[in-house]
Asker: 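Once you've had a glance at the structure underneath, I'll fire off some questions.
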Amino acid sequence: MSNQKYTREEALAFHLEPTPGKREVQATVPMTTQRDLSLAYSPGVAVPCEEIAQNPELAYDYTNKGNLVAVISNGTAVLGLGNLGALGSKPVMEGKSVLFKRFADVNSIDIELDTEDPDAFINAVKLMGPTFGGINLEDIKAPECFILEQTLKEQMDIPVFHDDQHGTAVICAAGLINALHLSSKNIEDVKIVLNGAGAAGIACLELLKAMGARHDNCIMCDTKGVIFQGRTEGMNQWKSAHAANTPARSLEEAMVDCDVFLGVSAKGAVTQDMVKSMADNPVIFAMANPDPEITPEDAHAVRPDAIVATGRSDYPNQVNNVLGFPYLFRGALDIHARAINDEMKIACAEALAELAREDVPDEVALAYGKNLSFGRDYIIPTPFDPRLIHRIPTAVARAGMNTGVARRPIIDMDAYELSLKSRMDPTASILRGINARARAAQARMIFAEGDDPRVLRAAVMYQRSGLGTALVVGREADVKAKLEAAGLEDAYREIEVVNAANTRYLETYKAFLYDRLQREGHDRQDIHRLATRDRHVFAALMLAHGHGDGLITGATRKSAHVMQRINHVFDADAKHGAAGITALLHKGRIVLIGDTLVHEWPDEHDMANIAERAAGVARHLGLEPRVAFVSFSTFGYPVSERAAKMHIAPQVLDQRGVSFEYEGEMTVDVALNARAMEAYPFSRLSGPANILIVPARHSASISVKLMQEMAGATVIGPILAGVDKSIQICSSVSTANDILNMAVLAACKVG
């Protein structure tokens, strides 16, 4: 699917580290004192138990039922892998649970049922009904999936949704609404041919018929040809319901003069001759994965007027279920729905279609590296459109309320939409945008410490993720041996290994270094040793001479040592305005802290410099800077000589006339907590700060490491800002993924 590659070892490591699996469960209430325990469990828990026993609807108020979905499978049809069994399906179900949380803040638990007996499966799921607000069935083979879903829908009073059927159908319907809009056709009039009479195919046709497509205009095909009235071979009740009155007996015959082709079948099922025979402005949804029934290139080669969608992310118009199921359940859960009905699915499809016709937000264009606008190559929104979370669930909730499946209708829809906007983690879109910019930049990234397995794994990931070229500083034999030990022996041919012994630029490097250091006590022998034996110096020399676009170092030595070495080649010190800015990501917030790397004890002018550097980093990350100079005092109280510079630094910025918000001095709670800030209505900050300038490097380091260890914050940085080349210095405790993140920042020239 695109130019990204991974090995079995990488996929296994992703699921193994830092802990086995892809998610964990956390408490949402304090559990620290005896009183907390008494309220959470015995005896305090008896009170909500009694309330719920008297009124079951109160379970939505006093438990997590209202935001909890079960992802359930028996593993009989896992992805394209077939019957792997219940346990073999668990990684997929865990992944589905993660998608629920990531895209719609729906809590989810995966449940794998070790049975192929429909009655046993139905009974197990039905008995779990009191626990959940909804059931998402997944990867269950046809035709059993039809029986299971239909029976459970009849017997349970919460939504039961088989995503393999209806998820594809909803996104397909959304795309088709817009494709027909562009080709000036009506769903009531078009001839539709579907190839693939499995769960997804049948669901697609049923939903389109519910939206107005005529039965006699819809022809379904399977491996034996057209499903026509009177056919007996390979039939079942679900296929029979869609048997058409048609003389066509093959897919090829059915395609003649058809307006819409829907494929949920197999690679190559559609030929160019079939496409040629279609009506004007044909719509082709070739949704087989990983390879479509016909590629967009082949379809457009014979029919330039075709609108083509696939299931792949490397082609326009991806039919991706993640656009549907998280938001369908979000809307259904929020009205405490008894079911997800056709009207809710159609509302979801129509809302998605409408969203694609609107102007695309800048952050989406930034993330995809191109401008997107409604047209033949953009009929379905992208999965990372930030508007999905507040537009789709509201449409679904309205439809549920209008059709009587809501236990608790939403009174104030405007307030509901606002609450949805606040649910999502803004840091995810920031990181996604940075990755997209890095992929567009295709930077040659120098990894200075090629003797460290973490650095080598990061370099391989950088290369295989399609971000650019990885240049690894190290000895060839050493690099090769370490890659083999890590199970990445194939990667040796992909990355480029560089050292002093094989570069033709060594004399140029040494001359440059001698010019810089000859009056600092270094003779030519010192210069030779530095250039040939110190990988940090050698890598910096490569960067200084344009033999790479960015530099990643610091994973094996303390940052002070690395900074000293880099300063042999670059002016990366306090005197020249450099600063280290660290990003903390925690509970949906991103806060930058400076200076964590360069200034030991900055004065007020240094503080102002650090603030400007941090503001530049913030803007590179897509944030509008709001700077707080923080201390233990707030606006002059209590009075302290130590806090004076934090009070004066904003005045320095006043004189400079900078173009971002800043204020100080203040305590951290005033800077970050909107309610605490209300006590100071004169503050120039329009909202909580996203940049904290602290009094000294030691306080910056303590703050970052405390947040990392005690709160579990994700730390990115320190980001070296104010140097004329892109250099990022990792922490010595960095994981391979941390190092990769720093490489992405370096590729984007953040700082």
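We number each residue from 1, following the sequence as shown.
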Asker: Ignoring hydrogens and angles, state whether a donor on the side chain of Thr735 or Asp738 is under 3.5 Å from an acceptor on the partner side chain.
Answerer: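 Yes, a side-chain donor-acceptor pair sits under 3.5 Å.
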Asker: What distance do Ile590 atom CD1 and Ile691 atom CD1 have between them, rounded to the nearest 0.5 Å?
Answerer: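 Reported to 0.5 Å precision, the distance equals 10.0 Å.
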Asker: Side chain to side chain contact (heavy atoms under 4.5 Å, CB included) between Asp595 and Ile693: does it pass, once the steps are laid out?
Answerer: CA-CA 7 Å; Asp595 175 0; Ile693 307 300; over 6 Å; no
Asker: Closer than 4.0 angstrom, basic N to acidic O: yes or no for Arg529 and Asp534?
Answerer: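 So Arg529 does not pair with Asp534 through a salt bridge.
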Asker: Pair Phe103, Leu388 - check side chain to side chain contact (heavy atoms under 4.5 Å, CB included), show working.
Answerer: CA-CA 9 Å; Phe103 285 96; Leu388 289 164; 6.0 Å; no
Asker: Within the structure provided, determine whether Arg589 and Pro688 are in side-chain contact (heavy-atom separation under 4.5 Å).
Answerer: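 Yes; the side chains approach each other to less than 4.5 Å.
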Asker: Can you tell me if NZ on Lys90 sees more than 12 non-hydrogen neighbours from other groups inside 6.0 Å?
Answerer: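 Counting other residues, nucleotides and ligands, NZ of Lys90 exceeds 12 neighbours.
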Asker: I'd like to know whether NZ of Lys510 has more than 12 heavy-atom contacts from other residues, nucleotides or ligands below 6.0 angstrom.
Answerer: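 Check passes, neighbour count above 12.
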Asker: If you measure from SG on Cys730 to CE on Met742, what distance do you get to the nearest 0.5 Å?
Answerer: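 Spacing of SG (Cys730) from CE (Met742) equals 5.5 Å.
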Asker: Determine whether Gln518 and Asp515 make a side-chain contact, defined as any pair of heavy atoms from C-beta on separated by less than 4.5 Å.
Answerer: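 In contact.
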Asker: Nearest 0.5 Å, what's the CZ-CD distance between Arg626 and Glu624?
Answerer: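 Taking CZ in Arg626 and CD in Glu624, the distance rounds to 8.5 Å.
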Asker: For a quick test of reading the model, state the closest non-hydrogen atom pair linking Ile446 to Gly548 and the distance between them.
Answerer: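 Looks like CD1-CA, 3.8 Å.
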Asker: Check the pair Leu621 / Leu745 against side chain to side chain contact (heavy atoms under 4.5 Å, CB included), numbers first and verdict last.
Answerer: CA-CA 9 Å; Leu621 297 177; Leu745 292 175; 4.1 Å; yes
Asker: Is the shortest side-chain heavy-atom distance between Lys725 and Leu551 below 4.5 Å?
Answerer: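 Not in contact.
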Asker: List the steps and the verdict of salt bridge (Lys or Arg N to Asp or Glu O under 4.0 Å) for Glu612 and Arg656.
Answerer: CA-CA 10 Å; Glu612 291 196 63; Arg656 295 183 184 181; 2.7 Å; yes
Asker: Quick check against the 3.5 Å criterion: does Gln442 have a side-chain atom that pairs as donor or acceptor with the backbone of Gly466?
Answerer: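 Checked: pair present.
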Asker: Taking side-chain hydrogen bond (donor to acceptor under 3.5 Å, both in side chains) as the test, write out the residues that go with Asn737, two or more places apart.
Answerer: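 Per chain and number, Asn737 pairs via side-chain hydrogen bond (donor to acceptor under 3.5 Å, both in side chains) with no residue.
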Asker: Between the side chains of Glu476 and Asn502, does any donor sit under 3.5 Å from an acceptor?
Answerer: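 Indeed, the side chains of Glu476 and Asn502 share at least one donor-acceptor pair under 3.5 Å.
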Asker: Show the nearest heavy-atom pair for residues Ala458 and Ile739, with the distance to one decimal.
Answerer: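 Of all heavy-atom pairs spanning Ala458 and Ile739, the closest is CB-CG2, 3.5 Å.
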Asker: Suppose we call two aromatic rings close when their centres sit under 6.0 Å apart. Are Phe512 and His568 close by that rule?
Answerer: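 No, the ring centres sit 6.0 Å or more apart.
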Asker: How many angstroms lie between atom NE2 of His522 and atom CG of Leu513, to the nearest 0.5 angstrom?
Answerer: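 Rounded to the nearest 0.5 Å, the NE2-CG separation comes out at 8.0 Å.
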Asker: Only counting residues at least two apart or in another chain, list the ones meeting side-chain contact (heavy atoms from CB on, under 4.5 Å) with Asp606.
Answerer: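 For Asp606 the side-chain contact (heavy atoms from CB on, under 4.5 Å) partners, ignoring immediate neighbours, are His599, Pro602, Asp603, Asn609.
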Asker: Using a 3.5 Å distance criterion without hydrogens, assess whether the side chain of His561 forms a donor-acceptor pair with backbone atoms of Ser559.
Answerer: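 Side chain of His561 to backbone of Ser559, a donor-acceptor pair under 3.5 Å: no, none is there.
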Asker: If you round to the nearest 0.5 Å, how far is CD of Glu661 from OG of Ser683?
Answerer: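 Atom-to-atom, Ser683:OG and Glu661:CD are 8.5 Å apart.
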Asker: Say whether, by atom type as modelled, one donor and one acceptor occur between the side chain of Glu449 and the main chain of Ala555 under 3.5 angstrom.
Answerer: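 Checking the backbone N and O of Ala555 against the side chain of Glu449, a donor-acceptor pair under 3.5 Å is found.
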Asker: Just by modelled atom types, is the Val750 backbone N or O under 3.5 Å from a matching donor or acceptor in the Gln728 side chain?
Answerer: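 Pair found, side chain donor or acceptor close to backbone of Val750.
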Asker: Taking the side chain as every heavy atom from C-beta outward, state whether Pro625 and Arg619 have any atom pair closer than 4.5 Å.
Answerer: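 SC-SC contact between Pro625 and Arg619 confirmed.
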Asker: For a quick test of reading the model, state the closest non-hydrogen atom pair linking Phe384 to Arg102 and the distance between them.
Answerer: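 Smallest interatomic distance, heavy atoms only, reads CD2-NH2, 3.8 Å.
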Asker: Please tell me if the side chains of Leu543 and Ile727 come closer than 4.5 Å, counting only heavy atoms from C-beta onward.
Answerer: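 When only atoms from C-beta onward are counted, Ile727 and Leu543 do touch, with a gap below 4.5 Å.
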Asker: Kindly determine whether Arg535 and Asp451 satisfy salt bridge (Lys or Arg N to Asp or Glu O under 4.0 Å), including the steps that lead there.
Answerer: CA-CA 10 Å; Arg535 73 201 69 178; Asp451 61 338; 2.5 Å; yes
Asker: How about Tyr492 and Val497: do any of their side-chain heavy atoms sit closer than 4.5 Å?
Answerer: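 Side-chain contact under 4.5 Å: yes.
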Asker: Is the number of heavy atoms from other residues, nucleotides or ligands within 6.0 Å of CZ (Arg524) greater than 12?
Answerer: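 No, CZ of Arg524 has 12 or fewer neighbouring heavy atoms, counting only those of other groups under 6.0 Å.
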Asker: Where do Ala614 and Ile581 come nearest, in terms of heavy atoms and distance?
Answerer: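 Result for this residue pair: CB-CD1, 3.8 Å.
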Asker: Are Gln463 and Thr469 linked by a side-chain donor-acceptor pair shorter than 3.5 Å?
Answerer: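 Judged by distance alone, the side chains do not pair up.
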Asker: Could you tell me whether a side-chain N or O of Asn499 sits under 3.5 Å from a main-chain N or O of Val473, the two making a donor and an acceptor?
Answerer: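 A pair under 3.5 Å: no.
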Asker: Determine yes or no for a side-chain-to-main-chain donor-acceptor pair under 3.5 angstrom, with Ser631 supplying the side chain and Ala643 the backbone.
Answerer: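 Checked: no pair found.
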Asker: For the residue pair His547 and Tyr509, does the interplanar ring angle fall in the parallel (under 30°), tilted (30 to 60°) or perpendicular (over 60°) class?
Answerer: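 Plane angle between 30° and 60°, so tilted.
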Asker: Count the heavy atoms belonging to other residues, nucleotides or ligands that lie under 6.0 Å from NZ of Lys558, then report whether that count exceeds 12.
Answerer: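 At most 12 heavy atoms, drawn from other residues, nucleotides or ligands, come within 6.0 Å of this atom.
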Asker: For the pair Arg684 and Asp654, find out whether any cationic side-chain nitrogen is under 4.0 Å from an anionic carboxylate oxygen.
Answerer: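 Judged by the 4.0 Å cut-off on N to carboxylate O distance, Arg684 and Asp654 do form a salt bridge.
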Asker: Does the side chain of Leu692 come within less than 4.5 Å of Val591's, by heavy atoms?
Answerer: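 Yes, side chains in contact.
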Asker: Are Tyr680 and Phe635 close enough that their ring centres sit under 6.0 Å apart?
Answerer: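 Ring centres of Phe635 and Tyr680 closer than 6.0 Å.
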Asker: Do side-chain atoms of Arg454 reach the backbone of Ser734 as a donor and acceptor pair under 3.5 angstrom?
Answerer: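 The answer is yes, because a donor-acceptor pair under 3.5 Å joins these two groups.
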Asker: Given 3.5 Å as the limit, does a donor-acceptor pair link the side chain of Asp549 with the main chain of Arg444, or not?
Answerer: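 Looks like yes, one N/O pair under 3.5 Å.
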Asker: Would you check, one step at a time, whether the test salt bridge (Lys or Arg N to Asp or Glu O under 4.0 Å) holds for Arg457 with Asp452?
Answerer: CA-CA 9 Å; Arg457 286 204 302 273; Asp452 187 279; over 6 Å; no
Asker: How far does OG1 of Thr503 sit from NE2 of His545, to the nearest 0.5 angstrom?
Answerer: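 Rounded to the nearest 0.5 Å, the OG1-NE2 separation comes to 10.0 Å.
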Asker: So, Glu24 versus Gln26: side-chain donor-acceptor pair below 3.5 Å or not?
Answerer: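 Yes.
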Asker: Indicate whether the side chain of Ser313 and that of Gln318 have a donor and an acceptor atom separated by less than 3.5 Å.
Answerer: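 Looking only at side-chain atoms, Gln318 and Ser313 do not form any donor-acceptor pair under 3.5 Å.
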Asker: Quick check: does any side chain N or O of Glu496 sit under 3.5 Å from a backbone N or O of Ala470, one acting as donor and the other as acceptor?
Answerer: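 No, the answer is negative, given that no donor and acceptor are paired below the 3.5 Å cut-off.
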Asker: Begin from the C-alpha positions of Ile389 and Asp105 and carry the test side chain to side chain contact (heavy atoms under 4.5 Å, CB included) through to its verdict.
Answerer: CA-CA 9 Å; Ile389 181 59; Asp105 195 27; 5.9 Å; no
Asker: Please check this pair: side chain of Thr553 against backbone of Ala448, looking for a donor-acceptor N/O pair closer than 3.5 Å.
Answerer: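 Checking the backbone N and O of Ala448 against the side chain of Thr553, no donor-acceptor pair under 3.5 Å is found.
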Asker: How about Val715 and Leu584: do any of their side-chain heavy atoms sit closer than 4.5 Å?
Answerer: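 Val715 reaches Leu584 side chain to side chain.
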Asker: How close do Val723 and Ala572 get, heavy atom to heavy atom, and via which atoms?
Answerer: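 In this case the closest contact between Val723 and Ala572 is CG2-CB, 3.7 Å.
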